[in-house]
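Residues: numbered from 1 along the sequence shown. Note that the structure is a prediction, hence the values are computed from the model and not measured. All values below come from the heavy atoms of this structure, side chains included, with hydrogens, waters and symmetry mates left out.
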Amino acid sequence: MKIDLSGRTALVTGASRGIGRAVAFALAGAGAAVVAGARGTNAEETAQAIRDRGGQATAMPIDVTDADSVQAAVDATLALWGRVDILVSNAGIARDQLLLRMKRDDWDAVLATNLTGAFLCAQAVAKPMLRQRGGRIIAIASVVGQMGNAGQANYAASKAGLIGFAKSLARELASRNVTVNVVAPGLIETDMTRALTEQAHADWSAKIPLGRLGTPEDVAAAVCFLASDAAAYITGQVVAVNGGLYL
């Protein structure tokens with residue numbers, strides 16, 4: 001099935017690397033005009049790479065923990081393209097530690113970026129999407145938000161919170177044809193997982209029924225589907241891209 005997103009504008013947060021970068025490439029490859037958001041100028045390389053491939057993209061500075069920064073990015077997107085059709089809330093951080101050693105600052109920082117950031121972005125795009133009578137909001141959660149993981153209480157809480165948030169928002173926005181869904185990746189080959197030892201990599205792969213870690217492109221494919229017309233009757237759902245790690 002070929003996905004066609006021509007004439008649509010997508011705002012992707014955390015687009016400078018990893019899953020966010022792959023999502024930006026995939027959406028642009030399907031014809032969307034992409035606004036690649038990240039702190040400072042970190043997403044400029046992503047936007048330039050899309051333009052080099054013949055796509056439409058611009059980099060946008062955005063700090064998802066700052067409401068003014070988020071609103072400015074959405075306003076700039078509307079000024080540039082006239083609409084915002086797709087929001088992919090991907091920006092996220094991890095500060096892992098066992099509960100008894102976890103600092104309050106690390107708890108707050110992870111929740112502020114991963115959960116409150118998604119709230120601020122969704123709130124900023126909701127009005128233009130409602131006016132358009134259509135839109136797609138897609139949050140990138142994690143298998144950890146479904147199954148938990150020792151040493152990641154803050155990260156798991158933020159990702160589980162995204163699921164409840166998306167389900168609630170889906171009910172609020174459905175009457176105006178705005179869908180809200182979640183993609184929950186499993187263990188994905190990114191900068192973080194590349195730091196794993198060879199043995200740890202093999203151990204994790206052995207736990208995954210499909211026998212390998214996922215790729216950012218695996219996640220991006222699910223995002224593109226949810227952003228497309230083929231997913232028009234899907235809202236409030238969690239699409240697991242985890243190779244069977246959590247069933």
Side-chain angles (χ1 to χ4, degrees), residues 8-21 23-24 27-28 32-47 50 56-95 105 107-132 134-142 145 154-155 157-170 172-173 176 178-183 223 226-227:
R8 301 180 195 183
T9 299
L11 172 60
V12 182
T13 68
S16 62
R17 58 193 177 96
I19 290 172
R21 183 179 172 90
V23 166
L27 292 172
V34 172
V35 177
R39 290 177 183 265
T41 59
N42 291 344
E44 182 54 50
E45 185 180 346
T46 298
I50 290 172
Q56 294 179 294
T58 186
M60 189 73 66
I62 182 169
D63 176 356
V64 299
T65 67
D66 183 331
D68 290 338
S69 175
V70 170
Q71 189 61 57
V74 172
D75 289 345
T77 299
L78 292 170
L80 186 62
W81 299 107
R83 58 191 295 117
V84 56
D85 301 285
I86 303 158
L87 167 67
V88 183
S89 283
N90 168 73
I93 62 171
R95 293 188 182 177
D105 286 349
W107 172 273
D108 289 345
V110 170
L111 269 292
T113 300
N114 299 1
L115 183 55
T116 304
F119 156 74
L120 292 174
C121 290
Q123 192 173 55
V125 302
K127 286 184 179 179
M129 285 185 176
L130 290 174
R131 285 196 298 268
Q132 294 165 191
R136 301 280 191 267
I137 297 175
I138 303 162
I140 307 299
S142 169
N154 50 1
Y155 187 78
S158 69
K159 296 301 188 177
L162 276 178
I163 293 172
F165 171 68
K167 287 179 177 292
S168 298
L169 195 59
E172 293 185 21
L173 304 182
R176 296 295 182 92
V178 177
T179 66
V180 188
N181 291 290
V182 174
V183 174
V223 171
L226 290 174

Could you measure the distance from the [atom1] atom of [X] to the [atom2] atom of [Y]? Nearest 0.5 Å is fine.
X	Y	atom1	atom2	result
Asp68	Leu120	CG	CG	10.0 Å
Leu80	Asp75	CG	CG	12.5 Å
Thr58	Glu44	OG1	CD	7.0 Å
Thr65	Ile93	OG1	CD1	8.5 Å
Thr113	Tyr155	OG1	OH	11.5 Å
Ile163	Asn181	CD1	CG	11.5 Å

Give the table of side-chain donor-acceptor pairs shorter than 3.5 Å for residues 81-90, with sequence neighbours excluded, one pair per line with atom names and distance.
from	atom 1	to	atom 2	distance (Å)
Arg83	NE	Asp85	OD1	2.8
Arg83	NE	Asp85	OD2	3.1
Arg83	NH2	Asp85	OD1	2.8
Asp85	OD2	Thr9	N	2.8
Asn90	ND2	Thr13	O	3.3
Asn90	ND2	Gly14	O	3.0

**OP:** Report, as yes or no, whether the 6.0 Å neighbourhood of atom CD on Gln71 holds more than 12 heavy atoms from other residues, nucleotides or ligands.
**Re:**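 Count over threshold, so yes.
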Give me the atom names and distance for the closest heavy-atom approach of [X] to [Y].
X	Y	answer
Ala24	Ile50	O-CD1, 3.7 Å
Ala160	Gly145	CB-O, 3.3 Å
Pro61	Ser69	O-OG, 4.3 Å
Val182	Ala141	CG1-CB, 3.5 Å
Gly37	Ala43	C-CB, 4.2 Å
Phe119	Phe165	CA-CZ, 3.7 Å

Subject >> side chain to side chain contact (heavy atoms under 4.5 Å, CB included) between Ile137 and Leu173, intermediate numbers included >> reply: CA-CA 10 Å; Ile137 297 175; Leu173 304 182; 4.0 Å; yes
Original post:
side chain to side chain contact (heavy atoms under 4.5 Å, CB included) with Val34: which of Leu11, Leu27, Val23?
Top reply: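 It is Leu27, the one option of Leu11, Leu27, Val23 that forms the side chain to side chain contact (heavy atoms under 4.5 Å, CB included) with Val34.
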**OP:** Compute whether any side-chain donor of one residue and acceptor of the other, for Ser158 and Asn114, lie under 3.5 angstrom apart.
**Re:**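 Judged by distance alone, the side chains do pair up.
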Subject >> Asn154 side chain near Arg95 side chain, heavy-atom distance below 4.5 Å >> reply: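 The answer is yes, as the side chains (C-beta and beyond) meet within the 4.5 Å cut-off.
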Subject >> Contacts of type side-chain contact (heavy atoms from CB on, under 4.5 Å), residue Ala157, not counting sequence neighbours >> reply: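 Partners of Ala157 under the side-chain contact (heavy atoms from CB on, under 4.5 Å) test: Trp107.
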Subject >> Side-chain donor or acceptor of Lys167 paired with backbone N/O of Val180 under 3.5 Å >> reply: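 No, Lys167 side chain to Val180 backbone: no donor-acceptor pair under 3.5 Å.
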